[in-house]
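Report on the structure given below.
Every chain is numbered from 1, with letters handed out A, B, ... down the list of sequences. What you see below is based on every heavy atom in this structure, not just the backbone, and it leaves out hydrogens, waters and symmetry mates. Keep in mind that what you see is a predicted model, and the values were worked out from it rather than measured.
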Amino acid sequence: MDTPSVSAHKLRQQHPQKHSHYKFSEFFQFNATEGTIADWNGSRNIITSEHFIIGLLEGLEEEVGAASAAVMYSIGVEWGKQDSLFFDQWFEREYNIRPQQANLMFLLETWWWPFTAQGWGRWEIDMTDRQQGFMFINLFDSAVARTLGDVGKPVCYLYAGLYAGFFTEMVRKQLSCIEIQCYSMGETYCKFLLGAKDRIDAAAFWLNEGATASDIENRLRAGYTSS
Amino acid sequence: MLSHIETLIREVDGRYATDNELLFMQNYLQTARLRFNAYQKIQKSERAIIQQVKQKLKATEPQLLRRGKADISAKWQRDTVRVLRFCAHAMLVADEEGLEESLLLWFQSIMRAFKAQQSCDITYKTMQDVVRQYLTPQEAELFCPILARARRLLGQ
Amino acid sequence: MTDLTQVLDAQGQPLSTLTVDHFFQQINWSGTQQRSARENSGAPETPYDTVGQFFATFPWQGATAAPSARRLAIDIDEAAFDQLLAEDDALTLDDLSALF
């Protein structure tokens, strides 16, 4: 987990233009006297165990029942929005270019790298269908799904919200995101669909009806927006 | 080597290291001279190595140095120099794992973002041939596997 | 060609098996040359200027001359990495925004 703070990272101050800084011992700065961990970009990090993730999800489910998925998604959205502002600052500081002018794929990889270093997993963006107004994100080693194991349903609502919030801010259009395939459903990796709300609502409906990720991909490519 | 030292410090924790645990140092020191020689040769020949690889690429795969109408050979050169230097350093300190963690995994995603995998594949394959002209067979034996690792990670 | 794994004992004979402490004893840690070698070479007893000279004193790797400390200037523009970020033909955030 990370929260924006003002903790300065000494290595970064010494090497502000160093881009390959994701090695564990370089990315994190352990401040022994304060008992804090800062990352390269000055975010405060907290190391948690899988028990924390389980406790968070199960505790939430106990409190709000089925609405816990929506709550996790909302938390993700807010996190993504906040993080896009934070990212705007550090990206420009590190590369001397505004995010709007940068090569998109490079920009997105750069955004996700701190998450990878923090243990949220690696990703792969599939923009093949961007002309049709949607794109896929494949996530490997989701911290949430790997913790919960095979529970037969998608569990990465926090990630879906994170992507929705981040991309909504970055492209300045209201976007939604849904996980259409999950490690916790016995798949090898998680797959998220990002797009305008009506598209995502349609996908949610199909998913609910038992459609698989490839069913959903096919229907979207064929231009369906509802059942 | 550096990764090994870190592991040693962690594992030994309050006792003395065994001969077995120190074996990596012996292995390193036996090749240290060789590594240093090779490092200096690469440093001295960097420009020539890069130019030669570029010429070979131009001759066999000219499209890799262009994107549409734009000539991207200057970009290619910066990337290639960066990787060569990191690889040389990894050879000097015998730390291939560190190379992966500090550069290759990150750079792999950047190269993918720019769809440069094919270019990387051929670049670091060619570079293994080119550096053999500047190194002794023993030195190349130490360095080429590192370039091969760079090729494997960046080329896919 | 020197066998990398071959280490010589005090008499200059190859040692096939070697303990770590034996190995470490052979390293000329302080970098001082043996008296006879120094007298023969006429080399002055000076501290090492470069890592290369230091490495050159390691006794088990043959007698390669110490590498020169001269650093070749390589004028490849590293800071220009940033140019790579804005390309004419590349997709940007605005392009992405227009698609949704």
Side-chain angles (χ1 to χ4, degrees), chain A residues 9 11-12 14-15 17-30 32 39-41 87 90-91 94-97 99 101-128 130 135-141 167 170 189, chain B residues 1-11 66-68 70 72 74-90 93-120 124 146 149-150 152-156:
Chain A
H9 192 294
L11 263 183
R12 194 197 83 213
Q14 287 160 11
H15 308 280
Q17 300 300 317
K18 182 174 168 60
H19 303 309
S20 53
H21 53 245
Y22 294 103
K23 190 177 174 176
F24 182 81
S25 55
E26 287 175 1
F27 185 71
F28 295 106
Q29 174 178 288
F30 296 87
D39 68 25
W40 188 270
N41 301 314
F87 172 62
W90 71 254
F91 181 82
E94 187 174 325
Y95 289 102
N96 303 315
I97 184 172
Q101 291 154 348
N103 173 306
L104 179 65
M105 293 307 281
F106 175 80
L107 182 82
L108 297 179
E109 289 299 340
T110 303
W111 173 61
W112 190 250
W113 253 101
F115 289 89
T116 300
Q118 288 162 347
W120 294 98
R122 292 192 86 180
W123 80 350
E124 189 179 80
I125 307 167
D126 177 0
M127 290 229 185
T128 328
R130 62 176 191 272
M135 58 186 244
F136 297 103
I137 294 168
N138 298 328
L139 176 71
F140 308 94
D141 290 316
F167 281 95
M170 293 309 277
Y189 62 92
Chain B
M1 177 72 170
L2 293 178
S3 305
H4 276 131
I5 292 175
E6 278 172 18
T7 310
L8 180 74
I9 292 168
R10 195 171 58 239
E11 297 292 319
R66 307 196 69 80
R67 184 167 298 159
I72 57 166
K75 283 176 189 170
W76 172 89
Q77 180 157 322
R78 281 191 296 275
D79 290 348
T80 310
V81 165
R82 176 182 300 251
V83 172
L84 175 63
R85 289 177 181 178
F86 268 87
C87 287
H89 186 77
V93 299
D95 195 21
E96 285 187 51
E97 289 75 25
L99 173 70
E100 202 164 305
E101 207 194 335
S102 62
L103 178 80
L104 293 180
L105 287 174
W106 170 73
F107 211 52
Q108 178 186 56
S109 59
I110 303 304
M111 290 298 97
R112 283 180 181 173
F114 288 105
K115 295 194 168 60
Q117 297 103 308
Q118 199 202 345
S119 166
C120 288
Y124 299 108
I146 296 174
R149 182 182 284 230
R152 197 166 61 246
L153 275 152
L154 304 180
Q156 56 172 299

Residues B/L84, B/T80; criterion side chain to side chain contact (heavy atoms under 4.5 Å, CB included); working and verdict: CA-CA 6 Å; B/L84 175 63; B/T80 310; 5.5 Å; no
Might you point out which heavy atoms bring A/F87 and A/L107 nearest each other, and give the distance in Å? CZ-O, 3.5 Å
Below 4.5 Å from any heavy atom of chain B, which atoms of A/F27 appear? Answer side chain, backbone, both or neither. neither
Applying side chain to side chain contact (heavy atoms under 4.5 Å, CB included) to B/C120 and not counting sequence neighbours gives B/M111, B/Y124, B/L154
What residues, two or more places apart in sequence or in another chain, satisfy side chain to side chain contact (heavy atoms under 4.5 Å, CB included) together with B/L8? B/V12, B/A17, B/E21, B/L22, B/F24, B/M25
What would the table of donor-acceptor pairs between chain B and chain A look like if you include every N and O pair under 3.5 Å, whether backbone or side chain?
from	atom 1	to	atom 2	distance (Å)
B/E101	OE2	A/F24	N	3.0
B/L105	O	A/R122	NH2	3.3
B/Q108	OE1	A/R122	NH1	3.2
B/Q108	OE1	A/R122	NH2	3.2
B/S109	OG	A/W113	NE1	2.6

Does a side-chain heavy-atom distance below 4.5 Å link A/F167 with A/I137? yes
My understanding is that only residues two or more places apart in sequence, or in another chain, count here; which of them pass ring pair (Phe, Tyr, Trp, His ring centres under 6.0 Å) with B/F86? none
